[in-house]
Asker: 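Could you have a look at this structure, given as structure tokens, before my questions?
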Amino acid sequence: MVRVTVQYMFLGSLLILAPFLSGCWDANELGDLGIIFGLAIDKADNGDYRVSAQVINPSEIGQQETSERAPAATFTESGASVSEALMRLSTQTSKEFYLFHLRFIVISEEIAEEEGLTSFLDLLSRHDELRTDFYIAIARDSSAKDILNVFTRLEKIPASGLFTILELSEKMWAPTVGIFLDELIIDLELEGKEPVLTGVEIKGDKEKGKLPENAMKFEGDAFINFLTIGAFKDDKLCYWMSEGQSKGFNYIMGNIDTTLGVISVDGSLISGQMLHADSELGVTVDKGEVKGDITITGEWTIVEVKGDIDLSDPAEIEKVNQAGSDKVKEFVEDSLGVAQEHKTDVFGFGELVRKEDPRLWKQLKDKWEDEFAQLEITADVDMSIEYTGNRYKPVN
């Protein structure tokens with residue numbers, strides 16, 4: 001009797017543990033997956049979406065010896081939706097496409113201008129395989145597919161190269177901004193703030209840039225170049241900022257990590273590197289009247305001087321500080337001016353009004369673009385030199 005009881009207990013334990021011992025129900029072998037690093041979304045001639053997926057070739061990654069096979073392959077298909085085009089790609093390869101490691105999405109300028117982004121962002125935000133830490137940019141003067149296919153000289157995978165270049169340029173050079181999927185969706189859904197995305201172009205021979213030989217030359221036939229920032233309005237690309245306006249946008253939004261600027265003081269040219277910059281945006285509401293204000297502070301170091309300015313003289317230092325502040329203010333006011341001209345609040349002043357006075361915002365939100373266009377915004381900029389380098393007087 002005891003033996004029968006023990007057997008029943010053993011069988012019962014097996015039944016309880018069975019669900020936990022069966023493994024992951026949707027597990028896949030790595031060798032069966034086609035890991036997508038980049039996506040390009042263009043418009044097909046019939047109006048469908050033309051989706052290009054760049055899939056890495058794991059056997060070519062990290063090899064010490066070169067091979068004749070490319071480190072990645074790009075597959076292209078069309079469909080009425082992005083998801084349909086992606087599924088159709090399964091007819092071209094033996095690998096099951098996997099999106100978890102996606103690094104970059106390039107969207108054609110045509111789609112951004114004429115159709116907007118929300119039609120396919122729903123797929124990207126809903127997909128259970130996708131993380132949100134990949135960059136999105138707009139292709140300029142080229143198809144998105146061409147951008148994705150340029151072989152870069154310092155990265156094996158073009159999509160990975162796009163990610164790295166934008167990440168570095170955002171950190172080192174002010175006119176670009178890296179936007180992740182979740183940041184873009186938040187800006188699209190916020191009331192009183194319009195989104196932005198950086199543009200990317202091909203410089204050089206587009207056709208030769210698609211060849212592996214492009215990555216093997218000291219000076220390639222084509223290379224990727226990130227440009228300025230595009231402003232959106234009602235989900236559609238509205239205008240491209242100039243380089244100065246893009247710098248101004250990033251100063252206003254507090255996105256500056258470091259950058260370099262050149263100013264003129266009494267005939268001397270001074271190159272200064274920004275060490276850090278802070279920004280604070282605010283609105284004041286007085287009897288229903290809204291005003292905006294921006295305060296920007298920063299410290300910079302002098303890295304190059306052409307001229308005969310004596311930086312040991314405090315009066316000269318003050319002149320340089322004033323000239324640096326004026327230059328940044330010029331960028332800021334130019335960026336504000338073009339945004340108000342297009343009635344596109346990419347800075348989020350409307351969102352600040354909503355937080356400051358929700359009742360007033362209910363009255364203004366439907367006509368905010370006109371209110372923003374007339375909004376009085378003051379900008380105070382204070383830049384100061386932290387270091388002058390190892391010498392006061394320039395080498396002459």
Side-chain angles (χ1 to χ4, degrees), residues 25-58 70 72-140 142-150 157-160 162-163 179-189 195 197 200 210 230 232 234-237:
W25 65 273
D26 61 346
N28 288 300
E29 295 295 330
L30 186 61
D32 297 333
L33 298 177
I35 299 174
I36 295 177
F37 262 35
L39 284 178
I41 304 174
D42 290 293
K43 207 69 177 172
D45 293 338
N46 64 354
D48 283 353
Y49 293 105
R50 189 183 66 183
V51 177
S52 302
Q54 189 164 91
V55 182
I56 64 167
N57 184 353
T74 300
F75 301 87
T76 301
E77 257 297 357
S78 298
S81 67
V82 173
S83 54
E84 183 183 64
L86 279 171
M87 290 300 285
R88 282 186 171 168
L89 287 172
S90 62
T91 62
Q92 299 182 18
T93 174
S94 59
K95 307 286 187 182
E96 182 181 343
F97 286 136
Y98 187 60
L99 286 162
F100 189 76
H101 297 288
L102 184 65
R103 304 284 279 168
F104 210 94
I105 292 184
V106 191
I107 300 165
S108 80
E109 191 170 11
E110 177 189 7
I111 290 178
E113 281 182 338
E114 298 177 4
E115 185 174 319
L117 305 176
T118 54
S119 55
F120 54 85
L121 284 182
D122 182 76
L123 162 73
L124 301 177
S125 63
R126 194 183 297 272
H127 205 293
D128 59 357
E129 284 182 357
L130 270 173
R131 301 189 304 194
T132 59
D133 56 346
F134 56 84
Y135 286 134
I136 303 175
I138 305 296
R140 294 188 66 181
S142 175
S143 70
K145 180 181 178 181
D146 283 345
I147 296 285
L148 191 63
N149 280 342
V150 173
I157 311 297
S160 183
L162 286 165
F163 181 95
I179 301 291
F180 288 139
L181 173 66
D182 52 349
E183 296 171 320
L184 178 60
I185 290 174
I186 288 172
D187 283 351
L188 282 167
E189 293 182 339
L197 286 175
V200 56
K210 300 175 187 176
F232 284 71
D234 297 332
D235 175 39
K236 295 181 180 178
L237 181 62

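This is a predicted model, so every value here is computed, not measured.
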Asker: Not counting sequence neighbours, which residues clear salt bridge (charged side-chain N to carboxylate O under 4.0 Å, His left out) with Arg140? List them please.
Answerer: none
Asker: Using atom types as modelled and distance alone, determine if a side-chain donor or acceptor of Asp42 lies under 3.5 Å from a backbone N or O of Ala144.
Answerer: yes
Asker: Looking at residues at least two apart in the chain, or sitting in another chain, which of them share a ring pair (Phe, Tyr, Trp, His ring centres under 6.0 Å) with Phe134?
Answerer: none
Asker: Below 4.5 Å, heavy atoms only, C-beta onward: do Leu89 and Phe97 meet side chain to side chain?
Answerer: yes
Asker: Excluding sequence neighbours, so at least two apart, what forms salt bridge (charged side-chain N to carboxylate O under 4.0 Å, His left out) with Asp48?
Answerer: none
Asker: Does Asn46 have more than 12 heavy atoms from other residues, nucleotides or ligands lying within 6.0 Å of its CG?
Answerer: yes
Asker: Is any side-chain heavy atom of Pro195 less than 4.5 Å from a side-chain heavy atom of Leu188?
Answerer: yes
Asker: If you round to the nearest 0.5 Å, how far is CG of Leu197 from CD1 of Ile138?
Answerer: 5.0 Å
Asker: Contact between Phe232 and Asp187 at the side-chain level, heavy atoms closer than 4.5 Å - yes or no?
Answerer: no
Asker: So, for Ala85 and Tyr49, which heavy atoms are closest and what is the spacing to 0.1 Å?
Answerer: CB-O, 4.2 Å
Asker: Under the salt bridge (charged side-chain N to carboxylate O under 4.0 Å, His left out) rule, collect the residues that match up with Asp133, sequence neighbours excluded.
Answerer: Arg131
Asker: Mind checking ring pair (Phe, Tyr, Trp, His ring centres under 6.0 Å) for Phe180 and listing every partner two or more places apart, or none if nothing turns up?
Answerer: Tyr135
Asker: Got a sec, which residues hit salt bridge (charged side-chain N to carboxylate O under 4.0 Å, His left out) with Glu115, two or more places apart in sequence or on another chain?
Answerer: Lys43
